[in-house]
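The next block holds one structure in the form of structure tokens; read it before the comments.
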Number of protein chains: 2
Amino acid sequence: MLPSHTVENYLKAVFQAQTVLGPDELVPMGQLAAALGVVPGTATAMVKALAQSGLVRYEAYAGVRLTSAGEKLAALVLRRHRLIELFLVKVMGMSWTDVHDEAEHLEHAVSDRLIDRIDEMLGRPAVDPHGDPIPAPEGTVTVPAYDTLLTCPLHSPMVVKRVSDQETDFLRFAERHDLTPGQTVQVEERDTAADSVRLRGTGEREVTIGARAASKVLVEAVPRRPQS
Amino acid sequence: MLPSHTVENYLKAVFQAQTVLGPDELVPMGQLAAALGVVPGTATAMVKALAQSGLVRYEAYAGVRLTSAGEKLAALVLRRHRLIELFLVKVMGMSWTDVHDEAEHLEHAVSDRLIDRIDEMLGRPAVDPHGDPIPAPEGTVTVPAYDTLLTCPLHSPMVVKRVSDQETDFLRFAERHDLTPGQTVQVEERDTAADSVRLRGTGEREVTIGARAASKVLVEAVPRRPQS
DNA sequence: TACCAGATTTTGACAAATCAAAATATCAGA
DNA sequence: TCTGATATTTTGATTTGTCAAAATCTGGTA
Ligand SMILES: [Mn+2]
Ligand SMILES: [Mn+2]
Ligand SMILES: [Mn+2]
Ligand SMILES: [Mn+2]
């Protein structure tokens, strides 16, 4: 019995909530329900069924976490999602701002064989168009720990490595300000009171963005001596 | 309310049954149920619901036929299916023998925008890898009337235009004997008693195939003076 | 320690899609 | 016209996924 679309979506949501909360935390039902756009009671019912199938462990009033079986399945859904996103950008010429919604459906419909062709065609990539890491076929992921524009050093050139928001509007905003993976930026000033971050980007252009937005842009120091 | 996968599959099945039975025939429920792999009672229930939605007309004990609304939806599902099949062959390098099952799932998951990119990328093709005509975005299809290897003239070179069976095994058989769209064949002899057809294919190779198989290979006379 | 606000679970209902099996209709042949 | 074989419909259940709203729990605060 292969998992339904719904089951795949629940597992993926738990997986992603778990990676932000930390590996030992339980995901609260309210958060899970919100992520999936269902009413809390629905999530409770579904999670109980998933627990029956051995895909999650569930503690009433505490929350839910994936078992290793559930974790593997979830990682494979995420793998499909991210490979599809990259495929849509690289091969189909779609914009990175739009591919998420399309991938949200396709991730449940592609076969293992097709996903492997896609992977091969893309040269076994490590990250998707947003810089999100692509889980291996075995279901393992390594998530590099990056600074954000809110935590990185000032006056020091940084490369954008990842933009962690799937909303078309935010991605368009990021693109408009050259905050896409691969671009270089530098934080000029942080104003805690104003809740803002002033940036100098490619071509000396300056922008000031909110702290909220800044925290979604993950960066890494530009290596001192780039390989010739 | 966009139609569910199930509704799309029912409409497509009625559409296809209708094109083989003829435009004025009602599709019997038993046949529809068999095509969809459900028990007859299920088909009856579903068809009644489709009739409620105005997608089909249903006459108890007689059968079902698409309304023009249903026909348009069905044609669009078929359009997606066939464009996806061609895409999988041309762009993803899959075999024409395998793409049907993959397309059966993807046809319900691709957006209109993506399907249009695919159509564009393929150069607005008229037929899929099996020679099946691709419905227009408006939901219209023109089905050319071809001879089959069972009805075409003897000793006269014919081009294979279409192979009308989606089974991997049959398609592999056809491929083995150079009976793929674009190839040239010639019928040497028909033996009604033996229920067989003897063919001479590319490279003078001869094969004898059954009448059943022969009827699935649609052909057209090779034009007298091919365009230089 | 008692209470409350907020989160969570429970209960009861519903829609979609399906099957098994009983009931019924149709149609061809005697 | 009657009869049976076959096709179709009906009936009653089941599974999955969902919501609304009532009931219950939990973690702090007074
Ligand atoms: Mn999804
Ligand atoms: Mn992504
Ligand atoms: Mn289908
Ligand atoms: Mn085809």
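Just so it is clear, the structure is predicted and the values come from calculations on it, not from any experiment. Below, read A as the first sequence line, B as the second, and so on, with proteins coming before strands; counting in each chain starts at 1. Side-chain atoms are counted along with the backbone in the values below, which use heavy atoms only and exclude waters and symmetry mates.
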(message) Rounding to an integer number of Å, can you tell me how far Leu26(A) CG sits from dT8(C) P?
(response) 11 Å
(request) Can you figure out which of dA17(C), dT9(D), dG17(D) approaches the side chain of Val7(B) most closely? (result) dA17(C)
(message) Strictly below 4.0 Å, N to O, side chains only: are Lys12(A) and Glu107(A) in salt-bridge contact?
(response) yes
(request) Calculate the interatomic distance between Met29(B) atom CE and dT8(D) atom C1'; express it in whole Å. (result) 8 Å
(request) Tell me what Gly41(B) touches on the nucleic acid: a base, only sugar-phosphate, or nothing, going by heavy atoms under 4.0 Å. (result) base
(request) Look at the side-chain N and O atoms of Tyr10(B) and state whether any lies under 4.0 Å from the OP1 or OP2 oxygen of dT18(C). (result) yes
(message) Any side-chain N or O of Ser4(A) below 4.0 angstrom from OP1/OP2 of dG17(D)?
(response) yes
(message) Whole angstroms only, please: what is the CG-P distance between Leu36(B) and dA17(C)?
(response) 12 Å
(request) Please determine, for the side chain of Pro40(A), which listed nucleotide (dT26(C), dT9(C), dA20(D)) has the closest atom? (result) dT9(C)
(message) Just the rounded figure in Å: distance from P of dA15(C) to NZ of Lys48(B).
(response) 17 Å
(request) Establish, with yes or no, whether the OP1 or OP2 oxygen of dA17(C) is under 4.0 angstrom from a side-chain nitrogen or oxygen of Thr42(B). (result) no
(message) Quick check for you: among dT18(C), dG17(D), dC25(D), whose closest atom lies nearest to any side-chain atom of Thr6(B)?
(response) dT18(C)
(request) Using atom CE of Met46(A) as one end and atom C1' of dT16(D) as the other, report the distance to the nearest whole Å. (result) 8 Å
(message) Could you check, using the six-membered ring where one of them is a Trp, whether His5(B) and His5(A) have ring centers closer than 6.0 angstrom?
(response) yes
(request) Please report, rounded to the nearest Å, how far the C1' atom of dA16(C) is from the CD atom of Gln52(B). (result) 15 Å
(request) State, yes or no, whether a side-chain contact exists between Lys216(B) and Glu167(B) at a heavy-atom distance under 4.5 Å. (result) no
(request) For Ala60(B), answer base if it contacts any base atom (sugar-phosphate contacts may also be present), sugar-phosphate if it contacts only those atoms, and nothing otherwise; contact means non-hydrogen atoms under 4.0 Å. (result) sugar-phosphate
(request) Would you indicate which nucleotide in dA17(C), dC19(C), dT8(D) comes nearest to any side-chain atom of Val39(B)? (result) dC19(C)
(message) Can you tell me how the ring of His177(A) sits relative to the ring of Phe173(A), calling it parallel under 30°, perpendicular over 60° and tilted otherwise?
(response) perpendicular
(request) Write down the distance between CG (Leu55(B)) and P (dA16(C)), rounded to a whole number of angstrom. (result) 13 Å
(message) Between Pro133(B) and Arg82(B), is there a side-chain heavy-atom distance shorter than 4.5 Å?
(response) yes
(request) Round to the nearest Å and state the distance from Tyr61(B) atom OH to dT26(C) atom P. (result) 6 Å
